[in-house]
Amino acid sequence: MASGDSFYVTTPIFYVNDVPHIGHAYTEVAADVLARWHRQAGDDTWLLTGTDEHGEKILRTAVANGVTPKQWADQLVESAWKPLLQTVDIANDDYIRTTDERHEKGVTAFIQQLHDDGHIYEGVYEGYYCVGCEEYKQLDDLVETEAGDYAGRKLCKIHALPVEILKEKNYFFRMSGFQQQLLDLYESRPDFVQPESVRNEIIQFVKQGLEDLSISRSSFDWGIQVPWDPSHVIYVWFDALLNYVTAVGYGDPAQRAEFLRRWPATHIVGKDIARFHAVIWPAMLMAAGLPVPKRVFGHGWLLVGGEKMSKSKLTGIAPQQITEVFGSDAFRYYFLRAISFGQDGSFSWEDLSARYQAELANGFGNLASRVVAMVTRYFTGSVPAAGEYTDAELAIQRTVATAVADADAAMERLAIHEGIAAIWTIVDELNGYLTEQEPWVLARGAADDSAAAERLGTVLYTASEGLRALAVLLSPVMPKATATLWDALGAQAGLGALTAQPIRAAGEWGQLPAGSTVTPLAGLFPRIEEPVSAVSGAA
RNA sequence: GGGGCGGUAGCUCAGCCGGUUAGAGCAAGGGACUCAUAAUCCCUGGGUCGCGGGUUCAAGUCCCGCCCGCCCUACCA
């Protein structure tokens with residue numbers, strides 16, 4: 001994309017009643033890396049995340065805990081959700097809560113407009129209702145019995161009691177009318193829903209036929225009121241999806257310019273909720289005459305032991321369990337590098353530990369250590385000037401330039417794993433380059449051989465400049481370690497802040513000034529001595 | 001039932017519109033080197049590409065059938 005364009009990226013707003021696990025953190029990290037990449041590229045970047053706080057479940061748990069739903073949500077936001085962002089180092093520009101006044105106003109304006117324009121009508125919702133659960137059930141949640149007192153009737157799986165057929169007055173959104181427009185959208189913009197597998201699912205789903213969507217509830221009151229009928233609150237999904245526009249000013253005349261500047265967004269979501277984002281949401285926007293999202297990307301799930309991670313199966317893992325041992329940078333790197341973004345990925349402590357050791361500690365971290373140590377030892381900490389470049393140096397320069405172009409192209413396609421892999425070619429090439437050039441051998445002869453001395457300078461400048469490029473390129477992925485490296489390289493003095501380095505220009509050779517003062521570097525990624533089994537017990 | 005995705009070296013995975021002896025990383029074995037976080041670099045081993053048919057000069061890569069796994073099939077976020 002052209003530098004300076006708007007890049008508005010969102011995570012889902014997470015249901016505040018959930019307990020944050022690495023799946024939530026994975027989504028956050030992916031969106032954050034994309035945001036940091038674009039921000040550093042000079043694009044007009046905005047990262048939004050937040051929490052979804054309405055609905056019957058939250059009302060119930062709040063009541064059960066003797067507090068109001070708002071108090072309940074407040075407490076969870078502060079104790080669980082905002083801390084999650086700290087844990088994995090998210091640099092979000094905004095945090096929206098569906099209980100924010102700006103959101104409620106925007107939602108109210110939106111639904112009123114749809115109502116005024118005839119997209120909403122009053123209808124009757126008919127469903128199976130379990131008195132024990134106090135909620136409507138889908139057929140999947142019911143079981144039919146052959147024998148016994150309830151033979152032939154549908155029973156609630158939880159209570160094993162017959163469900164009733166209840167009818168309720170509801171307001172409906174005429175979603176069925178948008179079926180063809182949606183199909184046209186998927187057809188004309190093949191990258192609207194990604195990846196391909198999710199797109200196929202969505203298209204198939206829509207082709208089966210869309211029904212109108214019930215968008216109000218009257219059996220409880222924790223939600224945003226339907227403006228023309230206060231006895232109803234707006235269905236949570238309809239409410240929640242609108243966060244993406246209300247956060248950037250939809251519905252507030254004073255924020256009109258801001259809205260036009262940001263929208264439309266790139267939505268990063270788990271594939272399980274891709275349908276809400278790729279079907280219901282664009283239909284809502286079409287009805288309101290607003291542009292549909294730029295993209296909806298449904299990423300895969302994290303599998304633990306081959307199964308979807310779940311709390312009930314005790315495979316749920318809290319992000320802190322990982323960051324406490326390996327740090328937030330390693331968390332970010334691992335999940336985005338080891339898993340093809342868009343596919344399901346297997347998580348294991350063994351794999352995490354192995355990659356940390358091989359790629360971060362021995363690969364990148366050790367490369368930084370050896371270069372800094374040699375500049376310190378052979379040039380008393382002052383980055384030497386390069387002499388004449390040979391083919392070996394030119395090859396490194398090409399590697400860096402190619403890596404930048406490839407990584408940027410990959411990030412643009414949301415292929416984050418490929419982007420990181422492209423950057424990593426620099427780590428691998430530099431380690432090989434050093435082994436081949438043997439600067440430690442050149443150093444022995446440098447005292448009485450000016451050619452060797454110049455050559456040593458060229459080699460170490462090349463390595464240092466390569467590290468400079470790595471710091472810039474990896475800053476979105478590993479903000480902390482790269483900041484440490486930036487300091488160690490003494491790059492700040494000549495180049496300014498790391499996050500101010502234009503990322504698409506990171507491949508231009510020769511940016512690190514000779515004479516920059518290198519300072520000793522403690523290991524970027526210290527070896528983890530703790531045996532893997534000790535931490536795996538926590539899973 | 002209908003539909004989607006996947007089943008490739010011990011492990012995790014690449015293999016785009018079919019085309020030379022099927023690749024990478026890790027793990028394993030051997031060697032080199034010592035600046036570095038006992039690290040780095042080089043070499044090697046190892047695969048009936050789920051199974052069975054078919055199309056083709058040529059199939060992991062297209063078609064059909066089958067087996068296995070995960071998922072979707074709307075109002076739980």
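All heavy atoms count here, side chains included; hydrogens, waters and symmetry mates do not. Every chain is numbered from 1, with letters handed out A, B, ... down the list of sequences.
Applying the side-chain contact (heavy atoms from CB on, under 4.5 Å) test to A:N92 and every residue at least two apart in sequence or in another chain returns A:L47, A:T49, A:L85, A:I90, A:Y95. With sequence neighbours excluded, no residue forms a side chain to side chain donor-acceptor pair (under 3.5 Å) with A:E454. Residues passing the side-chain contact (heavy atoms from CB on, under 4.5 Å) test with A:D428, sequence neighbours excluded: A:W424. Partners of A:H232 according to the ring-ring contact (aromatic ring centres under 6.0 Å, His included) rule, which considers only residues two or more places apart in sequence or in another chain, are A:Y171. Taking A:W486 as the reference, nothing meets the ring-ring contact (aromatic ring centres under 6.0 Å, His included) condition, with sequence neighbours excluded. Remark: A:Y26 pairs with A:H299 by the ring-ring contact (aromatic ring centres under 6.0 Å, His included) rule, at least two apart or across chains. Residues forming a side chain to side chain donor-acceptor pair (under 3.5 Å) with A:D74 (at least two apart in sequence, or on another chain): A:K70, A:R97. For A:Y356, the ring-ring contact (aromatic ring centres under 6.0 Å, His included) test picks out A:F326, with sequence neighbours left out.
Residue A:R377 is in sugar-phosphate contact alone, with no base atom involved, counting any heavy-atom pair closer than 4.0 Å across all strands shown. Here A:L210 lies in heavy-atom contact (under 4.0 Å) with a base. Counting non-hydrogen atoms under 4.0 angstrom, A:G342 reaches nothing in the nucleic acid. Within 4.0 Å of A:E211, counting heavy atoms only, lies at least one base atom of the nucleic acid. Among the heavy atoms of the strands, none lies under 4.0 Å from A:I273. Among the protein residues, A:A373 comes within range of the sugar-phosphate backbone only, with heavy atoms under 4.0 Å from sugar or phosphate atoms but none that close to a base. Within the nucleic acid shown, A:S197 comes within 4.0 Å of sugar-phosphate atoms alone, with no base atom in reach, counting heavy atoms only. A:D52 comes within contact range of the sugar-phosphate backbone alone, with a heavy-atom separation under 4.0 Å but no base atom that close. Across all strands, A:F205 comes closer than 4.0 Å to base atoms (heavy-atom distances). Residue contacts shown for A:D272 are absent, as no nucleic acid heavy atom lies under 4.0 Å away.
When each of A:I215 and A:L367 is assigned the nucleotide of RNA chain B bearing its nearest heavy atom, the one mapping closer to the 5' terminus is A:L367.
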Which protein N or O atoms sit under 3.5 Å from an N or O of nucleotides 41-44 of chain B?
| from | atom 1 | to | atom 2 | distance (Å) |
| --- | --- | --- | --- | --- |
| B:C41 | O4' | A:T435 | OG1 | 3.2 |

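Residue A:Q437 has no polar side-chain atom (N or O) positioned under 4.0 Å from OP1 or OP2 of B:C35. For the OP1/OP2 pair of B:G3 and a distance below 4.0 Å, the side-chain nitrogens and oxygens of A:N200 include no atom meeting the criterion. Taking side-chain N and O atoms only, A:R444 has a distance below 4.0 Å to OP1 or OP2 of B:U34.
B:C62 sits 23 Å from B:C68 when the C1' atoms are compared, rounded to a whole Å.
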Check: Could you spell out the base pairing of RNA chain B in dot-bracket, with Watson-Crick or G-U pairs whose two distances are under 3.5 Å, [ ] crossing and | to another strand?
Finding: (((((((..((((.....[...)))).(((((.......))))).....(((((..]....))))))))))))....

Name each donor-acceptor pair under 3.5 Å that joins a side chain in residues 205-214 of chain A to protein atoms two or more places apart or in another chain, with its distance.
| from | atom 1 | to | atom 2 | distance (Å) |
| --- | --- | --- | --- | --- |
| A:D212 | OD1 | A:M175 | N | 3.2 |
| A:D212 | OD1 | A:S176 | N | 3.0 |
| A:D212 | OD1 | A:S176 | OG | 2.7 |
| A:D212 | OD2 | A:Y121 | OH | 2.6 |
| A:S214 | OG | A:N170 | OD1 | 2.8 |
| A:S214 | OG | A:R217 | NH1 | 3.1 |

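Neither side chain, A:H103 nor A:T98, offers a donor N or O lying under 3.5 Å from an acceptor on the other. For the residue pair A:Y334 / A:E359, no side-chain donor-acceptor distance below 3.5 Å is found, with atom types taken as modelled.
Of all the residues in residues 517-526 of chain A, A:G523, A:L524, A:F525 reach under 4.0 Å from RNA chain B with at least one non-hydrogen atom.
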